[in-house]
Trainee: 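I'd like to ask you about the structure that follows.
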Amino acid sequence: MILVTGGVKSGKSSFALKLSEEYNKKAFLATGVPFDEEMKKRIEKHKAERGNDFDTYEEPINVPDTLNSIADKYDVIVFECVTTYLGNLYYYAVNIDNYLDKLLESFKNVKCELIIVTNEVGWGVIPENELARKYVETLGKLNSKIANISDQVYLVVSGIGVRIK
Amino acid sequence: MILVTGGVKSGKSSFALKLSEEYNKKAFLATGVPFDEEMKKRIEKHKAERGNDFDTYEEPINVPDTLNSIADKYDVIVFECVTTYLGNLYYYAVNIDNYLDKLLESFKNVKCELIIVTNEVGWGVIPENELARKYVETLGKLNSKIANISDQVYLVVSGIGVRIK
Amino acid sequence: MILVTGGVKSGKSSFALKLSEEYNKKAFLATGVPFDEEMKKRIEKHKAERGNDFDTYEEPINVPDTLNSIADKYDVIVFECVTTYLGNLYYYAVNIDNYLDKLLESFKNVKCELIIVTNEVGWGVIPENELARKYVETLGKLNSKIANISDQVYLVVSGIGVRIK
């Protein structure tokens with residue numbers, strides 16, 4: 001299990017995809033929900049970049065179930081990304097802690113290689129908006145928990161994957 | 001002297017506490033002033049996490065004097081954190097440069113091991129608010145000065161302490 | 001070619017200047033336009049810090065031409081900074097992609113040592129302002145491209161230059 005983290009447009013995605021190259025049967029599990037035109041374009045662009053090497057799955061909420069149901073079929077699953085997934089949970093206002101516990105549990109149980117993409121979002125000024133503040137804190141704690149159960153952790157800076165675990 | 005830096009909820013505190021484990025007599029110098037309910041809960045939670053291993057001191061402003069008066073009694077002092085301390089100075093509108101010079105001087109003079117926790121806050125977009133901008137710049141410069149006189153510096157990312165000095 | 005990146009007031013400038021010390025004939029190419037009093041003071045302060053070791057050039061937009069015309073005369077050019085340059089392009093609303101392609105091309109062609117300073121700006125919460133969001137993404141992608149053609153890349157944290165390439 002590999003965690004890939006970094007800032008916005010730091011090259012995390014490309015780095016994660018590069019890490020997955022050595023595997024044979026590849027799946028890409030996307031969490032992005034195309035709320036608006038900007039998001040829709042971004043998702044299409046990402047899909048085009050991946051080409052035909054990956055089977056693509058899209059699941060905004062029930063990620064644990066999806067992971068469970070597809071893991072047997074692949075050598076590697078790239079999960080992109082924790083940041084958007086947490087955003088989805090906030091948006092749909094479900095019991096977040098509960099979902100995050102299940103997510104961590106499913107990460108641990110996946111048999112094939114799992115490459116997880118997340119974001120660093122807490123290195124700026126503390127946001128005035130309370131929800132944003134809560135989001136930053138929850139993601140920070142979640143990233144630490146995922147890193148803790150990962151075999152490898154990379155911090156991507158300007159396209160360079162720096163191995164920190 | 002050890003500096004521990006990183007983003008919000010990156011696991012800086014836990015890492016600093018872990019570094020202090022090997023020492024016998026331990027003090028924790030907290031700078032947080034419980035302005036509101038959120039802050040109050042956070043302080044109580046942190047206290048509970050530390051357990052009974054630490055004597056806890058709370059001092060929002062006169063940190064140099066407190067350090068001077070307690071350093072003889074302990075093998076290690078964990079100071080948490082520079083970020084909140086600087087926020088306190090801005091809030092109470094005292095002569096900030098003067099206080100920061102004294103703070104650095106007291107850090108240098110402390111005889112026991114000193115583990116200082118701070119934050120990275122300047123890795124996002126430049127804030128529009130002038131005070132926030134000034135705060136980010138002052139903390140950035142202060143962190144560099146503390147790192148310069150520290151024997152070890154750790155950048156904590158997703159709970160992982162990466163030694164950078 | 002060396003890229004120096006990091007957060008606000010992390011000590012990137014000082015680190016870049018230190019890297020340039022070993023060279024004989026030195027130029028400093030500044031992109032800052034003194035829009036206001038704060039900016040003006042900052043530029044004057046930076047100039048004073050550099051002392052007389054550098055010939056200083058100021059060019060907000062036509063950086064490729066300036067690089068071409070001065071590179072023969074120096075052993076090292078410190079370019080500060082990509083962040084401000086991109087801000088200038090946004091401000092003057094020119095064809096940004098076109099300018100960035102030319103910038104990268106000119107970086108590749110410079111014969112003397114080139115030390116480029118940039119900023120990490122995408123490690124905080126995603127800005128609500130669309131232009132800020134676009135700026136963060138463009139700078140992130142640009143940094144990756146520059147890092148890709150650089151021989152050395154340093155991430156500066158609290159004044160410490162961590163070599164990541």
Side-chain angles (χ1 to χ4, degrees), chain A residues 4-18 32 35-39 41-42 45-46 49 81-84 86-87 90-91 117-140 143 154-164, chain C residues 1-10 12 81-83 86 96-97 100 104 107 115-158 160-165:
Chain A
V4 176
T5 188
V8 171
K9 289 289 167 197
S10 60
K12 302 177 306 290
S13 270
S14 307
F15 185 78
L17 292 180
K18 224 181 117 205
F35 286 117
D36 56 22
E37 211 46 45
E38 190 181 334
M39 194 73 180
K41 274 189 197 162
R42 194 187 304 264
K45 205 168 144 273
H46 280 179
E49 281 168 9
C81 61
V82 175
T83 326
T84 311
L86 185 60
Y90 272 99
Y91 188 82
V117 179
T118 191
N119 266 76
E120 295 300 320
V121 298
W123 302 53
V125 287
I126 295 179
E128 283 176 46
N129 178 301
E130 196 189 329
L131 184 62
R133 210 158 59 232
K134 189 96 195 78
Y135 176 85
V136 167
E137 295 187 354
T138 306
L139 183 57
N143 283 347
Y154 291 89
L155 177 66
V156 183
V157 184
S158 296
I160 300 161
V162 182
R163 184 153 176 192
I164 60 172
Chain C
M1 188 172 149
I2 303 174
L3 180 64
V4 176
T5 188
V8 171
K9 289 290 165 196
S10 59
K12 303 177 306 291
C81 61
V82 175
T83 326
L86 185 60
I96 289 174
D97 286 345
L100 296 184
L104 285 165
F107 283 171
I115 302 176
I116 299 163
V117 179
T118 190
N119 265 76
E120 295 299 321
V121 298
W123 303 53
V125 288
I126 295 178
E128 282 176 47
N129 178 301
E130 197 189 328
L131 183 62
R133 210 158 57 232
K134 189 96 195 76
Y135 176 85
V136 167
E137 295 187 354
T138 306
L139 183 58
K141 284 189 274 188
L142 180 60
N143 284 346
S144 287
K145 284 177 186 169
I146 301 173
N148 190 40
I149 58 170
S150 293
D151 303 295
Q152 298 177 25
V153 180
Y154 291 89
L155 178 65
V156 183
V157 184
S158 296
I160 300 160
V162 182
R163 184 155 176 191
I164 60 172
K165 179 180 175 179

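Order of the sequence lines fixes the chain letters, A, B, ..., with proteins taken first and strands second; residue numbering starts at 1 for each chain. Values below: all heavy atoms of this structure, side chains included; hydrogens, waters and symmetry mates excluded.
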Trainee: In a check of side-chain contact (heavy atoms from CB on, under 4.5 Å) between W123(C) and each of T5(A), V8(A), V157(A), which one passes?
Mentor: V157(A)
Trainee: What part of L155(C) lies closer than 4.5 angstrom to a heavy atom of chain A: side chain, backbone, both or neither?
Mentor: side chain
Trainee: Looking at E120(C), E130(C), E137(C), which has the largest count of heavy-atom pairs under 4.5 Å with chain A?
Mentor: E137(C)
Trainee: State whether the number of non-hydrogen atoms from other residues, nucleotides or ligands found under 6.0 Å of I126(C) atom CD1 is greater than 12.
Mentor: no
Trainee: Counting heavy-atom pairs under 4.5 Å to chain C, which of S14(A), G124(A), G7(A) comes out on top?
Mentor: G7(A)
Trainee: List the atom of A147(C), the atom of S158(A), and the distance in Å for their closest heavy-atom pair.
Mentor: CB-O, 3.3 Å
Trainee: Where is the tightest heavy-atom contact between S144(C) and G159(A), given as atom of each residue plus distance?
Mentor: OG-N, 3.2 Å
Trainee: Evaluate the side-chain proximity of V136(C) to K9(A): yes if any heavy-atom separation is below 4.5 Å, no if none is.
Mentor: no
Trainee: Is V125(C) in contact with chain A via its backbone, its side chain, both, or neither, using a 4.5 Å heavy-atom distance?
Mentor: both
Trainee: If you count every heavy atom of other residues, nucleotides or ligands that lies below 6.0 Å from K145(C) atom NZ, does the total exceed 12?
Mentor: no
Trainee: Given heavy-atom pairs under 4.5 angstrom as the criterion, report whether the side chain, backbone, both or neither of I146(C) touches chain A.
Mentor: neither
